[in-house]
Amino acid sequence: KLATLHESHGYPDSDKMVLELLHDHEHLAKSLSDAMEVAKEHDDDVTLDLLIERKYMHDKTAWMLRSILGRT
């Protein structure tokens, strides 16, 4: 009930699967940005560093998926 990502139903083609992965990584990066703001407000540098590293990976993966789809 608390999940923010939703499972795919059926058998989408490869482009649709990559697009769904792209949207999921973008959504997670946005959620991490929001969490980073909270960490900044509370001067929690350790958590902020962890979130920055995690967001970097989601941003990088989203960039790679966009390149696969030809949306760079």
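Computed from a predicted structure; not experimentally measured.
Between Ser8 and Met17 the shortest side-chain heavy-atom distance does not fall below 4.5 Å. Counting only heavy atoms from C-beta outward, the side chains of Arg66 and Glu26 approach each other to under 4.5 Å.
Between Val38 and His42 the shortest heavy-atom distance is O-ND1, 2.9 Å. For the residue pair Lys55 and Ala29, the shortest heavy atom distance occurs at CE-O, 3.7 Å.
For Leu21, the side chain to side chain contact (heavy atoms under 4.5 Å, CB included) partners are Leu65, not counting sequence neighbours. Under the side chain to side chain contact (heavy atoms under 4.5 Å, CB included) criterion, Lys30 pairs with Asp34, not counting sequence neighbours.
Hydrophobic clustering, defined by side-chain heavy atoms of Ile, Leu, Val, Met, Phe, Trp and Tyr closer than 4.5 Å, groups Leu32 together with Met36, Leu48, Leu51, Ile52.
Note: Asp24 CG to His58 NE2 = 10.0 Å, rounded to the nearest 0.5 Å. Note that CE of Met64 and CG of Leu22 are 11.5 Å apart. Values are rounded to the nearest 0.5 Å. For the atom pair CG (Asp44) and CG (Asp49), the distance works out to 10.5 Å, reported to the nearest 0.5 Å.
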